[in-house]
Amino acid sequence: MIENFNGYIDKESDEYNLLLEISKKPLPAHIAIIMDGNGRWAKKRGLERFEGHKAGIKSVRDVVETSARLGIKFLSLYAFSVENWKRPKKEIMQLMGLLKKYIKEELPTLKKNNIRFKAVGRISELDVSVRKLISHAESQTAKNSGLHLNIALNYGGRVEIVDTFKKILNTYGKDLKVDDIDEELISKNLYMKDTPDPDLLIRTSGELRISNFFIWEIAYTELYFTKVLWPDFNRKELFSAIKDFQNRQRRFGGI
Ligand code: FPP
């Protein structure tokens, strides 16, 4: 795995030492990230919020590329929540614009690097221009077997559970008996039914909240909070989060 960074990372740097360290222990299979702090990053520099989101795209690229090089199997990024519609219309348009630009520009790179792209959330409620790009990117990368990149869009943990119950009822209807309802039935009807629960959830910007992200899925996930604002979150920060994760003892309720 270290050889995947040859030529990209200075072997004399702290970053390289961190990479060497994390390469010795198992990596999280699924990393989920609440990308927070774009607005504050911009404000600190006297810039418009949009500039913070734009700078956040660089972190998205960095984290996707680094995860792929590390051989992480699943990466889920919280890009737009069901609550984010409460933001000013202009900001919503800008965020959707950035997302479209990201998909258009990154698709060749995702394909080249064997990355599978998937959008999770109430995608059918998004503008048709966004939906078209999403389904194109999904179909073009569906057979890729490298990093599985999930972008949570118009996503909410509670609405996901609501949608899951609706899906179960639609599928089984009157045939469903009370005793048929168990954790497995719910898990396999969630948006990401083929994806294991996150091992590590990162939230940037110092806020200590989950904000309705993956409510069901994070029951046993290790949580990592950092004060670093999302546009400043880079490869080294990701290595640090992984190192922290590797030093935890996961017992899943056992002893
Ligand atoms: C939180 O910062 C960030 C968001 C609501 C959006 C995250 C989106 C991106 C990084 C760009 C698009 C994403 C992809 C995957 C292409 P905030 O605005 O809540 O910051 P604040 O709390 O400091 O105001």
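Bear in mind the structure is a predicted one, so any value in this text is a computation, not a measurement. Counting starts at 1 for both ligands and their atoms, following the listed order. Heads up: numbering here begins at 1 and tracks the sequence.
- Between the side chains of Ser76 and His30, at least one donor-acceptor pair of N or O atoms lies under 3.5 Å.
- Between Asn150 and Tyr191 there is no side-chain heavy-atom pair separated by less than 4.5 Å.
- Atom CD of Glu12 sits in a sparse spot, with 12 or fewer heavy atoms from other residues, nucleotides or ligands closer than 6.0 Å.
- Checking only distances, Asn84 never comes within under 3.5 Å of ligand 1, N or O to N or O.
- Look at Glu51 and Lys54 and you find a salt bridge, because one of the NZ, NE, NH1 or NH2 atoms lies within 4.0 Å of a carboxylate O, short of that distance.
- Ranking protein heavy atoms by distance to atom 12 (C) of ligand 1, first place goes to Ile57 CD1, 3.8 Å.
- Residues Ser81 and Asn212 are not in side-chain contact: their nearest non-hydrogen atoms beyond the backbone lie 4.5 Å or more apart.
- Residue Trp41 has no N or O atom closer than 3.5 Å to an N or O atom of ligand 1.
- Atom NZ of Lys167 has more than 12 neighbouring heavy atoms from other residues, nucleotides or ligands inside a 6.0 Å radius.
- At a 3.5 angstrom cut-off on N or O pairs, Asp36 counts as close to ligand 1.
- At most 12 non-hydrogen atoms from other residues, nucleotides or ligands lie less than 6.0 angstrom from CZ of Arg158.
- When only non-hydrogen protein atoms are considered, atom 9 (C) of ligand 1 lies nearest to Asn38 ND2, 4.0 Å.
- Distance from atom 15 (C) of ligand 1 to its nearest protein heavy atom, with residue and atom name: Ile151 CD1, 3.7 Å.
- Only the side chain of Arg87 comes within contact range of ligand 1, with a heavy atom under 4.0 Å; no backbone atom does.
- The nearest heavy-atom contact from the protein to atom 13 (C) of ligand 1 is Ala79 CB, 3.9 Å.
- In this structure, the separation between OG on Ser67 and CG on Leu75 is 4.5 Å, given to the nearest 0.5 Å.
- Looking at Gly39 next to ligand 1, an N or O pair under 3.5 Å apart turns up.
- Inspection of the Ser211 and Arg203 side chains reveals an N or O donor paired with an N or O acceptor under 3.5 Å.
- By the criterion of a heavy-atom distance under 4.0 Å, neither the backbone nor the side chain of Glu207 is placed next to ligand 1.
- Taking the six-membered ring for Trp and the full ring otherwise, Phe214 and Tyr155 have centroids separated by under 6.0 Å.
- For Arg49, the closest heavy-atom approach to ligand 1 falls below 4.0 Å.
- For ligand 1 and His53, the ligand atoms under 4.0 Å from any heavy atom of the residue are 18 (O).
- Considering only non-hydrogen protein atoms, atom 3 (C) of ligand 1 sits nearest to Met35 O, 3.1 Å.
- The ligand atoms of ligand 1 that sit less than 4.0 angstrom from a heavy atom of Tyr102 are 16 (C).
- By the 3.5 Å distance cut-off applied to N or O atoms, Arg40 is counted among the residues near ligand 1.
- Residue Ser205 places no heavy atom under 4.0 Å from ligand 1.
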